[in-house]
Amino acid sequence: MANANMPQSGSELETPVRVRFAPSPTGYPHLGNIRTALFNWLFARRYGGKFILRIEDTDVARKVEGAVEMILDSLRWLELDWDESPYFQSQRLDIYREVADRLLNGNDAYLCYCSPERLEAMRQEQIKHKQPPKYDGRCRHLTQQQKTELRAQAITPVVRFRTPLDGETSFQDLIRGRVSFQNSTLDDFVLLKSDGYPTYHLANVVDDNLMAISHVLRADEWLSSTPRHMLIYQALNWDAPHFAHLPMILGPDRSKLSKRHGATNIMEYREQGYLPEAMINFLALLGWSLDDRTELLTRQELVRNFSLERISKTAAVFNKEKLEWMNGVYLRQLSPDEFVQRATPFLDRDLPLSIERPLHSDYVRQVMSLIQERAKTLAEVPRLCDFFFMDELQYEASLLLSRGLSSESAVEAVKTSLRRLEVTEVWDAESLEEMLRPLATELNLSTAKFFGLLRVAITGRSAAPPLFQTMAVLDRGKCLKRLTTALDRLSALTQAQNK
RNA sequence: GCCCUCAUCGUCUAGUGGACUAGGACAUCAGCCUUUCAAGCUGAGAACAGGGAUUCGAAUUCCCUUGAGGGCACCA
């Protein structure tokens, strides 16, 4: 791999590292956008450089309300802090105009009066004839007289770059090596639109130069526009930054990430209960690896070890199961207090409204200690523990009779349990187990059947945290009440069966 | 259609000519643990796209084919 230009350590840098994340507010940021932001951030932090945020809002028509805030919120959520307050290209129009004029004066650009309709028709025609769609250059060689006439028609022209007709343009990509393009396959692309806004190509080059960007780390989809950018740099006599085109993140169908791939907006992962530290770890491993075995890395470890050499060239399919697993690992690593703190907003949000707020924090703490190792996301915490908070449990009476338990022995078992529990002195998990385990033998039931029965009676479900701990957290009153209810449901069931 | 890029288990990846009977992780399956679930532990199956060439020796280098992705706007 060609890494001659890559910084080896802070002291050997030819120029300070300055990278940027340059999203356009035409949509909400998704996994791919954020992965790009992360790699830029890691690169800046690794080499003691600057991470710059630039909003590329040069498309007035496609601007999405709230997108800028969403971008900033995403970066804040993941703690990808930027060093220079966000730049907005829409506030720098005069700068691009000036550079466009300079290109015009140097004959590296020209005014084009072609209507969008003509261009569209031209493209259709080219596609129909299986020709590559390219601007045909009609306005490239206008005579003085034609120019005067067109100017008189009050059409606002666009500025197009005068792409060399032959030769080739190549550049060194830090990840892919040398990449070359025949200029003849390029066309005279637009630099300045008729609304006075620059296109991506112009604004991008101008700002990267003005902001002294040293390395452009961007997604692979930009690779084919890089020769255009190189041509602009050359025409302006500017040094180009180093380029590194990152492998794309693909949806499960192996196509570019888009709305139809589900949770498109990165903030939805927060809603779904993913931890930012898990997101960072997971995203870092999409296209980068430390070695042949390390999966779990802290932010600090990522910063210390990140390097362009270890970025892979292959596009990666986003694998949600692995994210879930990793999130579970991070959840279990949290201290109990921290878990409570992180889970509480989700409990407030998703527990049934009938449950009184605010939740009792000591009680929540006890419940969470039983839930922490069972959750893969914070969003599933409420439904894992709602029975701890509810008054009435909804469940099918038949659920009490799993594993071939007869209703007669179930009734007997619940009755006996109730009698004993009513007089149990100490209500903690250990005492409860000491009392109930021998009872299974006494009732001539397997522990699986007996405890399974009690579990459904106490929690309303067949899968729950360990029975005795659950009973201990719920108080005696609640447990006895639930057992009584279970008894009622069992007799109702028996009566129904006998009819 | 043209241009560019990429190609190792289902998925993320390790691998930079010999240490590869190709390693790890997720997922899957089986077993253990166990009052259920989860976690944990043990184990299993699972890949170098195909064909040439270079070489004493190719997952690793080169070429071709195939496949995949991206780009070809007054969008970014």
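Just so it is clear: chains get the letters A, B, ... in the order the sequence lines come, proteins before strands, and each one is counted from 1. Just so it is clear, the model here is predicted, and its values are computed rather than measured.
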Base, sugar-phosphate, or nothing: which does Arg403(A) touch, judged by heavy atoms less than 4.0 Å apart? sugar-phosphate

Each nucleotide of nucleotides 37-49 of chain B classed B (base within 4.0 Å of a protein heavy atom), S (only sugar-phosphate) or -, in 5' to 3' order, makes BBSS---------

Does A73(B) have its OP1 or OP2 closer than 4.0 Å to a side-chain nitrogen or oxygen of Thr199(A)? no

When we call it a touch if two heavy atoms are under 4.0 Å apart, what does Gly328(A) touch: a base, just sugar-phosphate, or nothing? nothing

Just jot down the side-chain hydrogen bond (donor to acceptor under 3.5 Å, both in side chains) partners of Glu442(A), sequence neighbours excluded, or say none. Arg420(A)

Before you tell me yes or no, could you show the steps for Tyr197(A) and Tyr96(A) under ring pair (Phe, Tyr, Trp, His ring centres under 6.0 Å), namely the whole-Å CA-CA distance, both residues' side-chain angles and the distance that decides it to 0.1 Å? CA-CA 8 Å; Tyr197(A) 280 75; Tyr96(A) 312 119; 9.1 Å; no

Looking across every strand, which nucleic acid part, if any, lies under 4.0 Å from Val317(A) by heavy atom: base, sugar-phosphate, or nothing? sugar-phosphate

Glu56(A) has an atom CD; how far is it from atom P of A76(B), in whole Å? 9 Å

As a test of reading the structure: which of A27(B), A73(B), C75(B) is closest to the side chain of Glu321(A), going by heavy atoms? A27(B)

Need one value for Phe282(A): base, sugar-phosphate or nothing, where a base atom within 4.0 Å counts as base even if backbone is also close, heavy atoms only. nothing

Side chain to side chain contact (heavy atoms under 4.5 Å, CB included), paired with Tyr269(A), selected from Ile34(A), Thr377(A), Leu323(A): Leu323(A)

Mind checking the C1' distance from A49(B) to G10(B)? Whole angstroms is fine. 16 Å

Of the candidate nucleotides C75(B), C26(B), C3(B), which contains the atom at the shortest distance from the side chain of Asn319(A)? C26(B)

Who passes side-chain contact (heavy atoms from CB on, under 4.5 Å) against Arg482(A), sequence neighbours left out? Phe387(A), Leu393(A), Leu474(A), Lys478(A)

According to ring pair (Phe, Tyr, Trp, His ring centres under 6.0 Å), who are the partners of Trp222(A), at least two apart in sequence or on a separate chain? Tyr200(A)

Is Lys193(A) close enough to C75(B) that one of its side-chain N or O atoms is under 4.0 Å from OP1 or OP2 there? yes

Give me the distance, rounded to whole Å, that separates U13(B) from A30(B) when you measure between the P atoms they each carry. 29 Å

Of the options A14(B), G1(B), A76(B), whose atoms approach the side-chain atoms of Ser24(A) most closely? A76(B)

Need one value for Cys112(A): base, sugar-phosphate or nothing, where a base atom within 4.0 Å counts as base even if backbone is also close, heavy atoms only. nothing

Measure from CG on Asp187(A) to P on C72(B) and round the result to the nearest Å. 10 Å

Do Ser194(A) side-chain and C74(B) base share a donor-acceptor contact under 3.5 Å? yes

Assign Arg310(A) to base, sugar-phosphate, or nothing according to its heavy-atom contacts below 4.0 angstrom with the strands shown. sugar-phosphate

Across nucleotides 60-71 of chain B, 5' to 3', mark each nucleotide with B, S or - according to how protein heavy atoms within less than 4.0 Å reach it. --------SSBS

Rounded to the nearest Å, what distance is computed from the CD atom of residue Gln89(A) to the P atom of nucleotide C74(B)? 18 Å

With a 3.5 Å limit on both atom pairs, tell me what U54(B) is paired to, counting Watson-Crick and G-U wobble, or say none. none

Pairwise C1' distance for A76(B) and G17(B), with rounding to whole Å: 43 Å

Please enumerate all protein N or O atoms sitting under 3.5 Å from an N or O of nucleotides 32-34 of chain B, with distances to 0.1 Å.
none

Gap between atom CG of Asp195(A) and atom CG of Asp59(A) - 0.5 Å precision: 8.5 Å

Mind checking side-chain contact (heavy atoms from CB on, under 4.5 Å) for Pro382(A) and listing every partner two or more places apart, or none if nothing turns up? Phe346(A), Leu347(A), Asp350(A), Leu351(A)

Nearest to the side chain of Pro133(A) - A73(B), U5(B), C3(B)? A73(B)

Under 4.0 Å, heavy atoms only, any strand: does Leu467(A) hit a base, just the sugar-phosphate, or nothing? base

Using atom C1' of each nucleotide, how far apart are A22(B) and U60(B) to the nearest Å? 12 Å

What about the rings of Phe39(A) and Phe306(A), do their centers lie closer together than 6.0 Å? yes

Between the OG1 atom in Thr459(A) and the CG atom in Leu454(A), the distance rounded to the nearest 0.5 Å is 10.0 Å

Who pairs with Arg332(A) by side-chain contact (heavy atoms from CB on, under 4.5 Å), at least two apart in sequence or on another chain? Val329(A), Glu373(A)

It should be established whether Lys313(A) places a side-chain nitrogen or oxygen under 4.0 Å from OP1 or OP2 of nucleotide C6(B). yes

Atom-to-atom span, NZ of Lys130(A) to C1' of C2(B) - whole angstrom: 12 Å

Under a 3.5 Å cut-off for both contacts, is A68(B) paired Watson-Crick or G-U wobble with anything, and if yes, with which nucleotide? U5(B)

Does Thr58(A) reach a base, just sugar-phosphate, or nothing at all? Heavy atoms under 4.0 Å. sugar-phosphate

Nearest-angstrom distance, C1' atom, G23(B) to U61(B): 23 Å

Does one side chain, of Glu309(A) or Ser307(A), offer a donor that lies under 3.5 Å from an acceptor on the other? yes

What does Pro198(A) touch in the nucleic acid at a heavy-atom separation under 4.0 angstrom: a base, only the sugar-phosphate, or nothing? sugar-phosphate

Which of these nucleotides, G1(B), C74(B), C12(B), is closest to any side-chain atom of Pro116(A)? C74(B)

Listed by chain and number, what are the ring pair (Phe, Tyr, Trp, His ring centres under 6.0 Å) partners of Phe189(A), not counting sequence neighbours? Phe161(A), His201(A)

Atom pair OG/CG of Ser289(A) and Asn305(A) - distance to nearest 0.5 Å: 11.0 Å

Distance between C1' atoms of A19(B) and G45(B) (Å, rounded): 26 Å

Under 4.0 Å, heavy atoms only, any strand: does Ser402(A) hit a base, just the sugar-phosphate, or nothing? nothing

List every contact pair, protein side and nucleotides 22-24 of chain B side both N or O, where the distance is under 3.5 Å.
| from | atom 1 | to | atom 2 | distance (Å) |
| --- | --- | --- | --- | --- |
| G23(B) | O2' | Arg293(A) | NH2 | 3.2 |
| G23(B) | N2 | Asp292(A) | O | 3.0 |
| G24(B) | N2 | Glu295(A) | OE2 | 3.2 |

What residues, two or more places apart in sequence or in another chain, satisfy side-chain hydrogen bond (donor to acceptor under 3.5 Å, both in side chains) together with Arg123(A)? Glu120(A)

Could you please name the partner base of C41(B), counting Watson-Crick and G-U wobble pairs only when both distances are under 3.5 Å? G31(B)

Could you measure between the two P atoms, the one in A58(B) and the one in A53(B), and give it in whole Å? 12 Å

Rounded distance in Å between the P positions of G69(B) and U8(B): 14 Å

Tell me which nucleotide, if any, is Watson-Crick or G-U wobble paired with C26(B) when both distances must be under 3.5 Å. G10(B)

Going by the rule side-chain contact (heavy atoms from CB on, under 4.5 Å), which residues pair with Thr226(A) if we only count those two or more places apart in sequence or in a different chain? Phe171(A), Arg218(A), Met230(A), Phe243(A), His245(A)

